[in-house]
Amino acid sequence: MTTTLQNITDLTLQQLTRRMAEMKEPAWRAKQIHEWLFNHRAHSFDEMTTLSKALRERLRETFTITPPEVEKHDEATEGACPGPTEKLLLRLPDGAMIETVLIPGPGRLTACLSSQAGCALQCTFCATGTLGAGRNLTPGEIVGQANALNDMLAAPGQEQKITNIVFMGMGEPLLNTPNVLDAVETLSTRGYNMAISQRKITISTVGIIPEIAKLATSGMKTKLAVSLHSAFQEKRESLMPLAARRYPLEELQPVLAHYAKNTGEPITLVYMLLEGINDSMDDARQLIRFASGFFCKINLIDYNSIVNFQFKNVSSEKRERFRDRLLETGLQVTLRKSYGTTIHAACGQLAAKGMEHGNKS
Ligand code: SF4
């Protein structure tokens with residue numbers, strides 16, 4: 001009978017410490033192993049030369065290390081972007097394919113991580129939604145994306161480090177909350193070279209109400225972004241049919257208000273402006289009504305065109321008029337330019353191009 005060994009990168013430091021105790025090893029061993037996994041990004045136990053041979057052998061009998069394999073690396077420099085946007089197509093051990101993106105910004109380098117291979121929610125503007133449900137990623141597969149990006153950054157001539165993380169890649173993170181939170185814990189473990197403060201990690205959701213309510217009291221310091229795209233219930237349902245029907249705006253708003261009050265942190269409302277759909281002054285007024293009830297900021301983003309999708313981006317004049325209407329009311333608003341469109345790395349464009357290499361059809 002074959003037993004499946006656990007991927008050791010799935011374990012947070014706390015979980016690994018418990019496993020070490022079961023193996024009659026001291027707690028500091030867990031830290032030592034974690035440093036090999038996440039500071040040195042070891043791909044095998046043999047690389048962990050500060051551990052005895054006997055312990056390495058016992059680890060090999062109990063765990064595996066299965067980093068994602070880089071199937072493809074694309075990069076593109078666009079407009080005023082301070083560096084290239086880079087996208088990795090990664091193959092997971094079961095053949096599932098995911099994408100992860102590195103986005104440069106002034107003084108920062110943001111990793112956009114995937115939380116699921118595919119997505120069941122079928123938002124009408126999103127390429128990932130066309131893939132269908134796929135599966136949840138394990139914590140190790142999530143952290144493995146950051147490791148893969150750090151491997152790429154460690155190439156000769158590169159000295160940069162990921163400074164921010166956004167869960168805006170493939171999938172809905174709050175349909176995979178436990179694994180996402182375990183990954184956040186590992187990514188933010190203090191004292192590691194790769195450690196990123198939880199305040200620089202953003203979980204972006206379509207608005208999964210029960211999970212937002214849990215997050216509000218979880219003690220996590222991560223930031224929350226909610227994809228709104230319309231403050232009219234019917235219109236939102238036409239854009240995000242499954243999520244908007246299941247979690248209507250009238251129920252979402254009080255939960256967001258509670259979250260913002262409880263955490264003292266503003267919620268980012270993400271609003272993708274779509275020509276002729278959600279870009280009128282009426283839409284702006286409805287958005288103001290929705291957003292005025294709690295501590296939030298609004299992020300207006302471009303629509304990134306996807307082949308065979310009927311949506312169009314708005315003109316810059318229209319975008320600015322919409323923004324100015326929001327600003328008049330004192331709301332905090334940012335206009336975010338998307339980068340990576342030419343390599344299909346921008347918001348809503350991730351569809352693991354090259355799935356034909358994987359187990360999906
Ligand atoms: S926008 Fe997010 S939730 Fe909607 S289909 Fe795409 S990945 Fe899923």
Side-chain angles (χ1 to χ4, degrees), residues 87 89-90 92 96-101 103 110-137 141-142 145 165-177 179-180 183 201-212 215 222-231 233 235-249 252 255-256 267-274 277-278 299-311 313 336 338 340-341 344-353 355 360:
K87 181 174 80 168
L89 174 67
L90 300 172
L92 302 177
M97 306 292 274
I98 54 168
E99 290 181 321
T100 189
V101 182
I103 309 152
T110 303
C112 177
L113 304 186
S114 294
S115 54
Q116 299 182 303
C119 184
L121 292 180
Q122 298 168 22
C123 301
T124 54
F125 50 81
C126 173
T128 310
T130 62
L131 300 175
R135 68 165 174 86
N136 282 341
L137 301 187
E141 288 168 341
I142 297 170
Q145 296 169 61
I165 286 178
V166 290
F167 282 93
M168 290 185 186
M170 295 168 65
E172 163 53 56
L174 294 189
L175 291 181
N176 186 18
T177 314
N179 290 352
V180 167
I201 300 178
T202 300
I203 295 179
S204 178
T205 174
V206 289
I208 311 290
I209 289 177
E211 298 302 306
I212 295 173
L215 264 190
T222 48
K223 295 212 154 67
L224 185 70
V226 176
S227 300
L228 199 68
H229 307 321
S230 177
Q233 177 61 22
K235 206 176 280 193
R236 193 162 185 262
E237 283 181 21
S238 72
L239 295 170
M240 312 161 75
L242 300 184
R245 262 180 235 139
R246 181 87 177 81
Y247 304 112
L249 289 168
L252 181 60
V255 173
L256 297 185
I267 290 168
T268 300
L269 298 177
V270 182
Y271 196 100
M272 183 186 287
L273 282 163
L274 300 164
I277 292 180
N278 62 358
N299 198 354
L300 297 177
I301 63 171
D302 289 335
Y303 169 68
N304 302 302
S305 68
I306 302 164
V307 180
N308 296 334
F309 282 49
Q310 81 279 25
F311 299 107
N313 203 0
R336 203 187 77 208
S338 271
T341 51
H344 302 285
C347 270
Q349 289 186 316
L350 299 186
K353 287 268 164 57
M355 287 292 237
K360 302 251 174 96

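Whatever order the structure lists ligands and atoms in, that order sets their numbers, starting from 1. All of these numbers come straight from a predicted model, not from anything done at the bench.
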Could you tell me, atom by atom, which parts of ligand 1 come under 4.0 Å of a heavy atom of [X]?
X      : value
Gln122 : 5 (S)
Cys119 : 3 (S), 5 (S), 7 (S), 8 (Fe)
Val206 : 3 (S)

Side-chain donor-acceptor pair present, Gln116, Asn176, cut-off under 3.5 Å:
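There is no such pair (donor and acceptor under 3.5 Å, judged by atom type) between the side chains of Gln116 and Asn176.
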Carboxylate-amine/guanidinium contact Glu237 Arg246, below 4.0 Å:
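No, Glu237 and Arg246 are not salt-bridged.
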Checking Thr177 now: which residues fulfil side-chain hydrogen bond (donor to acceptor under 3.5 Å, both in side chains) with it, not counting sequence neighbours?
Glu211
Set of residues satisfying side chain to side chain contact (heavy atoms under 4.5 Å, CB included) with respect to Tyr247, sequence neighbours excluded:
Ile208, Ile209, Pro210
Please find out if atom 4 (Fe) of ligand 1 and some N, O or S atom of Cys126 are separated by less than 2.8 Å.
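No.
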